[in-house]
Every structure is written in structure tokens, then in C-alpha cells.
Amino acid sequence: MVPLSWYLSLSAVLFIIGIVGVLVRRNVIVVFMSVELIMNSVNINLIAFSHYLSSITGQIFTIFVITVAAAEAALGLALIVVVYQNKGSINVDEMNVMRW
Amino acid sequence: MLADYVPVVLLLAIGLLIGVSSQLIGKLVRPDRPDPEKLSPYECGIEPEGDTLSPNAIPYYIYGLLFLLFEVEVLFFFTWAAVYQNMMLFAFIEITFFAFILFLGLIYAWLKGALDWRAG
Amino acid sequence: MSLLMKVGVVVGILMLAIAYITLAERRILAFMQFRMGPNRVGWGGVLQPLADAVKLLSKECIMPEQADKWMYRTAPVVSMAFALVPFAVVPFAQAFYITDINIGLLFIMAMGSVGFLGTIMGGWSSRSKYSFLGSLRALALMISFEVPMIMAMTGVIIFSRSLSMVKIVEAQAQYGWFVLLQPLAFVIYLLCGVAETQRIPFDMLEDEGSLVCGFHTEYSGIRFGLFFMAEYANMFMVAIVATVLFLGGWQRPFVSWPFFNFLSVIPSIFWFSIKVLALMFLYIWLRGTLPRVRYDQLIYLCWKILLPLSLINLMLTALYMLWGMNAWTFLALSIGSGLAWLWVYDKTQTLARSPS
Amino acid sequence: MAFLILAAIAVASAVMVVSVKNVVHSAFSLVVTLFSVGCLFILLRAEFLAATQILIYVGSIMILIIFALMLIDIKEANRQRRFHHQSKFVIGIGIILVIEIILFIIPRSEFIESPEKLIARTAEAGGNIQIIGQSLFTDFIFAFEFASIIILVAIVAAIFLGKQPTSIIKKSSVIKDSS
């Protein structure tokens, strides 16, 4: 039987890989994918707690996290596409003005 | 419950094995005589022109966007349908509200012309 | 029966079925077009699939020079593997299934959506305009049709109270075949199934006229063969899901009437396969009969007709469960509302077209 | 055992996501990560969530990301520098954080692990999806209805953004799909 702390460790590792991705990559879509990684590590945590602590709430929360992630993905990518169409670049460093 | 998933893994392994092994076996049997004409991308016989990887994918992208949002809503219907018979009226009122909001989204997309196909 | 044996039997039968449905398709199409079809290899062409396999294996696999090598090789494997996995949850006959999981139906949909990735991988990695455009088109279509498809399934789940394939079949012993209670959902599912598997009236994938051959333009030899097999496995899967959800799975006809009990002497695998083969014949027939639909019309069919219709069907089913109205009234209501929506849609189209 | 394999796949492909040069390869490694995380959910007896994860993340969000990648100029994106100049510093901090969490924080925290109760309740309700449904439509009903409103807002906003003029794409497009 795998102990709970293993799942927590895995989720921590994924979380930090996601954070590093957000901080170091310059391509905004890769940054976006790193955010998805972070969300997934949270999902692992929620479901692991739900299983080991015998409560269904964690799983229900994960459903809502996935719902919000979907809304966020749709909006985030729509924004990225609009920015790309206006500036011709998807580089985070170059998105430095609030209006154009 | 976990034992139910062992055959799934087995089938996945078989599927991967079929895919990989048939390509490997094919490698032993088939001829391999490349030449530049063969290796260039197919373009109805004329010389390939322009950059291959920059087509206009915007119209497809819009449908992907709508699909993602509707898919999430539709998944809630599955959980609802599985327990509907246990809590009839209450669940019915809830889902009516839910479906109404989904319908609003569809109507909005329709009126704004997001469902209309825009080529190019 | 041990697990390994079951898996072996299922995979073996599936491979045979795929091989022979291709032959059947060619012969039936030939018959419809007053041709002969393949009839040289073996007796009347029965060994044709074997010859095809040998040909595909021994044919040169050309990989475009600029292709993304590893993704190009992986794409057919992904398509094939994820076309095969859903067969794990299919109840082929009474008490004959590899496994029965609680989320069977959702599992099939999930594995199908992973299979879509094989399409875009193949299209993107071969660096050809035709295959790339073909894969984008096909993908946009497949994902669009997934929404009404799932909505149509939901109507059935209200009755069966479970997503397990075995339980759905068993529930039809109580209610009768769901096609009688959910005719609208059945039609929606069949149309979506044709679009999901990219068969002819809806086949944007292989729109020869404008896109050469869709996403596998650059594939040849056994790699093409893998895509081809995956396509037919998906076709079988759609037919099987339609059978399980709407046509009573392994159950004999008139399952709730004791008068027809004598039909039970025929083994249940027979009923299952006859229904699946009938649906496969329907697909082949469609291919032989109908012209290809234009892409924008197809998108409209999905979003403007099938999606609202499936929503209407779902709400009607919920009302039916709530009030316990007469089954015939329900049947008339659902068919009537389907036709009413088509009429309304037609009106909006004429309004949009008229100059103002 | 299954956990270790899946975790190794997930971590390896997650590292690929943030490190490979080609953005499309990065997207497909994210697919592998999400898929193996979905399989982990099955180990945790959350079948419905596993299927949802694969259907929504792999089957929808990733497809949308790939569509978005197809819109941009991938060759240009791949030619550019991958990392910021302070990346070495960030990676160092990341490694220190991982070590700290795994070695010091998690072993110190204690939970009473008792998965049996939920397994029993699930069996009583008839399965994972049924128990989720029951709890979703009683205790979490407000969140459920609110989720639909969030999605409605997202639909409205996404359509609004999607209708912006397509200046640059029009100029650079080589192929026009006319059908």
C-alpha cells in the first residue's frame, strides 16, 4: 500500500516543475502549459486526501478545479491568440505594455 | 476495483505492441530506396512552396474553444443522470436551471455568429 | 475462462473482423456500383485481406525528409493502441466481457479522445500542407460532434442509472430496447458516430477532392495500415456502443415479452454480432449511396441541429421520468419536437438568406 | 509498483514540458503527464475523475492548446531563446524547494490514513460516479449551479475575444482553406 506522503511528494515535485516552467520559459504558451501542470499537482493532492482521509469532498473539488481550468484555458488561449495577432509575438518579455 | 483495470492495461500493451512490432517487422521485409523526389512532401506533383506550418487555423480554433466549454458542461449531465432516479424533483429543477444556462450560452454563440463557418 | 485467454480471443476476433469488414465493404460497394470487387485471391476473394496485409508489410514506408521522425512513427501506434483499448469494456455476450468497470461509457469516450491526438500527431509531423490541414479539419469536426454524442448518451443513462456497459444492457431487459424510448438520441448518436469515424457522407478527413487523403497523405506501407486498422476498429466501436446503448446489446428481440422466450435458444453472441454487423452494413450502405456533405453544412448540423435536439431530448426524458407519462406520448413528443426543431431551423435559414 | 512507474513517467514528461526546445513536443509531453496523472487517479479509486481528467485535459484542453500552437509561427517560436537569463538561479531554487518539501515538510506531517470508509460508502452507493453525483447534487448544489455560470461567462468572453480582427494571420497565411 502506497502511503499518502508519496502522493504528496509527487505533487510537490510536479508543482515545482510547473513553477520553474512559469519562471524560466519565454514562450507564453509553454508558460500556460506549466500553469496546467501546477493545477494538476493540486488535483493529485485533492484526490489523494480524498482517498486516504475517506471524504468525497476532495473529488468534488477536483471536478470544479477541472471546470475552472477549462474556462481558464479557453480564455487564456483566446487572449494569447489576440495578443499574438496584434503584436506578432508570443514572447513573455515582449508583452510589456498595457495597451497598444 | 483495481483488478478491473488490469485487462485495460493489458489491452493497451497489446495495442502498443501491435503498433511497434508491425513497424519493426515491416522494416525487415520492406525495401528502402529513398530519393529526394520521394521524400519531398506531396503537393500534386508541383514543387512544394512556402512554409508548411503556417496555415490559417482560426476557424477551427473557434470550434475548439466552444467545444471545450460545452464538453465540461456536458460532463456534469453524466453525474446527474446517474443519480436522477434517486432524487427526482429536486434534481429536475437543478438541471433545468443548468440546461437553461447552457442553452443561453448556445444562443449567445449563435447570435454572435460564432457558429458560422468563416473560411480563410 | 482465464483473463489472458479472453483478451486473446477478443483481439483475435477483432483483427479478423477488421480484415473481413474491409473485404465486405469492397464487395458490397462493388455490388452497389455493378462491379465485381476483389474476387481473385482465394475462393471469390476470401484471402484478399491476407494479400493486403502482405502487401502493406512489404511496401516501402516513405518518410518525408522534413518530418518530425519520432512523432511520425508514434502517431499510428497511438491511433492503433487507443482504438483497441475500449474493447476491454464491451459485453459481447451474456457473461462474456473482459472487464466491467463502473465508468465504462465514459472510459470509451475518454480513450476515443486520446485517439484523436494520433490524428493531429500524424498530420503535424509529416510537414505536408495537405495532411496538416486535413488533420485540423478532421479534428475540429470530431471534437464538435463529441458534444451532442455525449448528450445523446445521457438520455440512456437516466434509465440505466449506471455507466457500466453490462448494467446498461441489463436495464434494457426491464425497459425494452432503448431505441424505442430514445429514438431521437439514437438518430443523433448514429449521425455523430458517422462523423466521429469520418465515414463518407461526413468524411472531411479523406476529402479526396480538396485534401488528397487527409492526415495520412504522407503515410505509406504498414504505417498507413495501422491508421487504417484503427479507423475500422473505431467504426466497430461506434457500432458496438450503439448496439449496447440502444439496441439491447446481447439481448434477443422482444426481450420483455415472455411469449418470445423460444428465441432464447439462440446464443446471445449471435444477437450481438447480428446487430453490430447490421449497423456496419448501414455505414457501408451510406458510403455507397450518399454524396459528401460540405464542411460548413456539417458544422451547422452539429452545432445548430444536433446539439439543441439532444438538449431537448434530454429534458423530455427527464420530464418523462418525473411524471411517468405514457410511453407512446413520450415517443410522439420526442419525434414531434425533433421535427419541430428542424422546421424552426429551416425557417431561420430562409430568414438569413432572404435579402433585407 | 504501479505508482512508481506512473510517477516516474509523470515527472520525466513534466521535465520535458519545461525543457524541450520544440513547443509542439512540449505540448505532447504534457499530454503524457496528464495521462499518467489520470492513471494515478484510478489507483486512488477516483475512476470518474480519471476519465474526466483524460476527457477534459487530454481530449479538450490539450487539443485547444495544440490548435493555438498551430496558429502561431512555430518555426519562429522554436528559433528563439528558450529560457530567461536568470533561469539557472530559478532551477537551483526549484531543486532546493523539492528537496526541502520531500525530506523535511512531508515526513513531519501526520495524517490518519483510513481509506476503507470511503471504499465502503462507494460500494454502498453503487459506484464512484453515483457517490459523486449524490454529494454534488445535495451538498455542493450552489457550486454546481455556479460552475454553469462561470462557463457561460467564459463562453461570452471567449466569443468576444475570438471575434477580434485577424490582421497578422491574414498577412502571413500561405494556405487559405476555402470550403
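Computed from a predicted structure; not experimentally measured. Naming: A, B, ... by sequence-line order, numbering from 1 per chain. Side chains are part of it too, since the values below use all heavy atoms of this structure and drop only hydrogens, waters and symmetry mates.
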Please report the closest heavy-atom contact between D/Ala158 and B/Leu65, naming both atoms and the distance. CB-CD2, 3.5 Å

Tell me, side chain or backbone of D/Phe144 under 4.5 Å from chain B's heavy atoms, or both, or neither? both

With a 4.5 Å heavy-atom cut-off (strictly below), which parts of residues 73-89 of chain B touch chain D? List them by number. B/Glu73, B/Leu75, B/Phe76, B/Phe78, B/Thr79, B/Trp80, B/Ala82, B/Val83, B/Asn86, B/Met87

What part of D/Ile42 lies closer than 4.5 angstrom to a heavy atom of chain B: side chain, backbone, both or neither? both

Rounded to the nearest 0.5 Å, how far does CZ of D/Phe67 lie from CZ of B/Phe67? 9.5 Å

Heavy-atom distances under 4.5 Å only: say whether B/Leu2 touches chain D with side chain, backbone, both or neither. side chain

By number, which residues in residues 11-20 of chain B have some heavy atom less than 4.5 Å away from chain D? none

Rounded to the nearest 0.5 Å, what separates atom OH in B/Tyr5 from atom CG in D/Leu43? 10.5 Å

Is it the side chain or the backbone of B/Ile101 that comes within 4.5 Å of chain D heavy atoms, both, or neither? both

Report yes if the side chains of D/Ile151 and B/Leu102 come closer than 4.5 Å at any heavy-atom pair, otherwise no. no

Please output the residues of residues 91-98 of chain B in contact with chain D, using a heavy-atom cutoff of under 4.5 Å, in numerical order. B/Glu94, B/Ile95, B/Phe97, B/Phe98

Check the surroundings of atom CZ in B/Phe90: do more than 12 heavy atoms from other residues, nucleotides or ligands lie under 6.0 Å from it? yes

Nearest non-hydrogen partners of D/Ile155 and B/Gly105, listed with the distance: CG2-O, 4.0 Å

Turns out that what part of D/Ala123 lies under 4.5 Å from chain B's heavy atoms comes down to neither

Chain B shares the most heavy-atom pairs under 4.5 Å, among D/Leu64, D/Thr122, D/Leu152, D/Ile149, with D/Leu64

If you round to the nearest 0.5 Å, how far is CD1 of D/Ile150 from CG of B/Leu69? 11.5 Å

Which of residues 50-63 of chain D get closer than 4.5 angstrom to chain B, counting heavy atoms alone? D/Thr52, D/Leu55, D/Ile56, D/Gly59, D/Ser60, D/Ile61

